[in-house]
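Working notes, beginning with the structure itself.
The analysis underlying the following values was restricted to heavy atoms, covering all of them including side chains, and did not include hydrogens, waters or symmetry mates. In the text below, chain A, chain B and the rest are named by the order of the sequence lines, each starting its count at 1.
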2 protein chains.
Amino acid sequence: MSLNFVGLGLHDERGLSLRGLEEARAAELVFIELYTSRLPALSLERLEQLIGKSVRVLKRSDLEEDSSETLKAMAGKRCVLLVPGDPLVNTTHTALRLEAERRGMKTGVVHAASITSAVAGATGLQSSKFGRTVSMPIPRDAPAVESPYLWIFENISKGLHTLVLLEMDLEANRYLTIAECITVLRSLEALYAKGIARPQSLAIGLARIGSEDFKVKADRLERLAHVDFGEPPHSIVFPSRLHFVEVDALKVFAHAPDDALEGYR
Amino acid sequence: MSLNFVGLGLHDERGLSLRGLEEARAAELVFIELYTSRLPALSLERLEQLIGKSVRVLKRSDLEEDSSETLKAMAGKRCVLLVPGDPLVNTTHTALRLEAERRGMKTGVVHAASITSAVAGATGLQSSKFGRTVSMPIPRDAPAVESPYLWIFENISKGLHTLVLLEMDLEANRYLTIAECITVLRSLEALYAKGIARPQSLAIGLARIGSEDFKVKADRLERLAHVDFGEPPHSIVFPSRLHFVEVDALKVFAHAPDDALEGYR
């Protein structure tokens with residue numbers, strides 16, 4: 001009896017690694033959860049064909065409040081849980097894995113691509129220059145949550161870039177867009193005035209990284225707020241001072257106009 | 001004419017995603033570089049069988065000093081460059097990609113697993129609590145390079161964990177071990193006395209993450225220095241204060257003894 005967490009990567013069922021596919025094919029029961037992130041082009045039908053067996057979709061409640069029931073259904077079997085991105089980046093997975101171990105199940109992980117490392121390749125920014133990744137929630141109450149703003153400032157003041165992940169509430173079909181995130185950060189700039197979200201501040205918007213129709217665009221916030229990034233997932237990077245290779249990369253891979261790079265070279 | 005950077009993930013050729021395999025099969029020329037990291041169990045023969053064509057191994061000089069020659073050999077063809085981990089995390093790849101674009105080649109990326117996100121799943125520590133990742137070089141001169149030590153301190157003082165990647169000089173067949181890294185950090189502790197590398201400081205040693213014979217062990221530095229982690233790649237995590245789920249995870253997944261967790265809860 002075992003529970004193997006297998007990552008699906010960033011885009012569709014082809015983000016599965018060859019080892020992940022082997023594990024899913026060898027499992028007696030295959031589950032999938034699709035609420036912790038969004039795979040823009042996943043087809044459950046193609047995935048089932050690939051694996052050669054049916055895949056049961058688990059909801060948030062199956063992995064959280066009702067995790068005991070879910071683990072009971074898995075007991076005594078060789079099980080795989082397919083998850084978006086790289087497994088166990090989400091705390092829910094870690095809690096479930098701990099509970100499975102407590103019940104005597106052997107657990108394992110098959111890693112896959114994650115936005116937290118893909119952001120370097122997608123933008124051309126140096127991986128080693130990223131500080132803490134932050135998450136921007138969908139605004140539900142006033143005032144806005146200020147910690148992402150303050151972490152961007154903290155990172156920039158240490159010469160580090162910041163990846164900001166934008167919340168997706170997939171069960172409610174609501175997701176934060178890059179434009180909305182800019183509005184929130186601009187309102188926090190008005191309060192805190194740390195100089196990181198001014199109209200001329202440079203940022204890089206990212207959408208659907210890992211897809212064939214991904215979009216990466218670097219520009220001043222005042223212009224980036226008007227760019228249509230299309231379907232989620234969206235994220236946004238606030239860079240610190242740039243190395244000259246990073247300047248070139250933002251021009252070529254993120255179509256940064258010259259005036260947006262002023263003050264960052 | 002195109003150059004697609006395709007990630008191989010962490011362990012062997014089965015870290016390739018299904019989309020990466022498709023791209024390699026569709027390419028006219030397939031290259032691989034194996035010097036920026038080590039895939040412990042990669043077989044070039046099995047990889048060539050999988051792709052159905054021969055794969056040319058590029059050395060460091062082919063991608064750096066002689067990159068013009070390499071790009072000339074690629075000109076006019078649909079090419080794939082297979083790389084360990086997630087592509088373009090390494091600056092060499094970004095420079096090559098920029099040069100390819102300058103020559104009019106279309107470039108792309110197929111992402112794969114990277115230690116920078118896999119570390120969360122391997123240890124059970126929260127991904128969102130990691131600060132800047134640092135690299136510890138093989139000691140070549142005295143005094144030791146102090147920046148990794150100072151960054152660990154910087155991260156801990158903000159409540160953040162630090163992943164320390166240990167240098168591998170694969171062309172010289174020399175790699176920094178966890179025990180050697182601890183020795184370097186202990187010597188820096190004697191100089192700077194910031195309290196992050198004392199005998200009783202908690203750290204988590206990681207070896208061959210993504211492999212079936214991976215090893216993850218959390219303990220006090222004084223004991224961790226004597227653990228045999230086997231073959232590289234090695235890395236080490238210096239945690240900040242732990243959430244209770246992280247405490248449980250380190251006990252279950254990293255066999256942390258109780259006394260090593262004192263002061264971190």
Please look at A:Phe214 and chain B and tell me whether the side chain, the backbone, both or neither of the residue comes under 4.5 angstrom of a heavy atom of that chain. neither
With a 4.5 Å cut-off on heavy-atom pairs, point out which of A:Leu18, A:Val110, A:Leu10 contacts chain B the most. A:Leu18
Honestly, the part of A:Leu98 sitting under 4.5 Å from a heavy atom of chain B is both
For A:Leu165, is it the side chain, the backbone, both or neither that has a heavy atom under 4.5 Å from a heavy atom of chain B? neither
Is B:Ala112 in contact with chain A via its backbone, its side chain, both, or neither, using a 4.5 Å heavy-atom distance? backbone
Quick check on B:Phe5 against chain A: is it the side chain, the backbone, both or neither that has a heavy atom closer than 4.5 Å? neither
Chain B contact via A:Leu16 - side chain, backbone, both or neither, heavy atoms under 4.5 Å: both
Give, as side chain, backbone, both or neither, the part of A:Ile209 having an atom under 4.5 angstrom from any heavy atom of chain B. side chain
Using heavy-atom distances under 4.5 Å, tell me whether B:Val252 contacts chain A through its side chain, its backbone, both, or neither. side chain
Heavy-atom distances under 4.5 Å only: say whether A:Ala118 touches chain B with side chain, backbone, both or neither. both
Under 3.5 Å, what donor-acceptor pairs does chain A form with chain B?
{"from": "A:Arg14", "atom 1": "O", "to": "B:Leu18", "atom 2": "N", "distance (Å)": "3.1"}
{"from": "A:Arg14", "atom 1": "O", "to": "B:Arg19", "atom 2": "N", "distance (Å)": "2.9"}
{"from": "A:Arg14", "atom 1": "NH1", "to": "B:Glu22", "atom 2": "OE1", "distance (Å)": "2.6"}
{"from": "A:Leu16", "atom 1": "O", "to": "B:Leu18", "atom 2": "N", "distance (Å)": "3.0"}
{"from": "A:Leu18", "atom 1": "N", "to": "B:Arg14", "atom 2": "O", "distance (Å)": "3.1"}
{"from": "A:Leu18", "atom 1": "N", "to": "B:Leu16", "atom 2": "O", "distance (Å)": "3.0"}
{"from": "A:Arg19", "atom 1": "N", "to": "B:Arg14", "atom 2": "O", "distance (Å)": "2.9"}
{"from": "A:Arg19", "atom 1": "NE", "to": "B:Glu212", "atom 2": "OE2", "distance (Å)": "3.0"}
{"from": "A:Arg19", "atom 1": "NH1", "to": "B:Gly210", "atom 2": "O", "distance (Å)": "2.8"}
{"from": "A:Glu22", "atom 1": "OE1", "to": "B:Arg14", "atom 2": "NH1", "distance (Å)": "2.7"}
{"from": "A:Asp86", "atom 1": "OD2", "to": "B:Ser117", "atom 2": "OG", "distance (Å)": "2.9"}
{"from": "A:Asp86", "atom 1": "OD2", "to": "B:Ala118", "atom 2": "N", "distance (Å)": "3.3"}
{"from": "A:Arg97", "atom 1": "NH1", "to": "B:Gly121", "atom 2": "O", "distance (Å)": "3.2"}
{"from": "A:Arg102", "atom 1": "NH2", "to": "B:Asp248", "atom 2": "OD2", "distance (Å)": "3.3"}
{"from": "A:Ser117", "atom 1": "OG", "to": "B:Asp86", "atom 2": "OD2", "distance (Å)": "2.9"}
{"from": "A:Ala118", "atom 1": "N", "to": "B:Asp86", "atom 2": "OD2", "distance (Å)": "3.3"}
{"from": "A:Gly121", "atom 1": "O", "to": "B:Arg97", "atom 2": "NH1", "distance (Å)": "3.2"}
{"from": "A:Ser128", "atom 1": "O", "to": "B:Arg132", "atom 2": "NE", "distance (Å)": "2.7"}
{"from": "A:Ser128", "atom 1": "O", "to": "B:Arg132", "atom 2": "NH2", "distance (Å)": "3.1"}
{"from": "A:Arg132", "atom 1": "NE", "to": "B:Ser128", "atom 2": "O", "distance (Å)": "2.7"}
{"from": "A:Arg132", "atom 1": "NH2", "to": "B:Ser128", "atom 2": "O", "distance (Å)": "3.1"}
{"from": "A:Glu154", "atom 1": "OE2", "to": "B:Lys158", "atom 2": "NZ", "distance (Å)": "3.2"}
{"from": "A:Lys158", "atom 1": "NZ", "to": "B:Glu154", "atom 2": "OE2", "distance (Å)": "3.1"}
{"from": "A:Gly210", "atom 1": "O", "to": "B:Arg19", "atom 2": "NH1", "distance (Å)": "2.8"}
{"from": "A:Glu212", "atom 1": "OE2", "to": "B:Arg19", "atom 2": "NE", "distance (Å)": "3.0"}
{"from": "A:Asp248", "atom 1": "OD2", "to": "B:Arg102", "atom 2": "NH2", "distance (Å)": "3.4"}

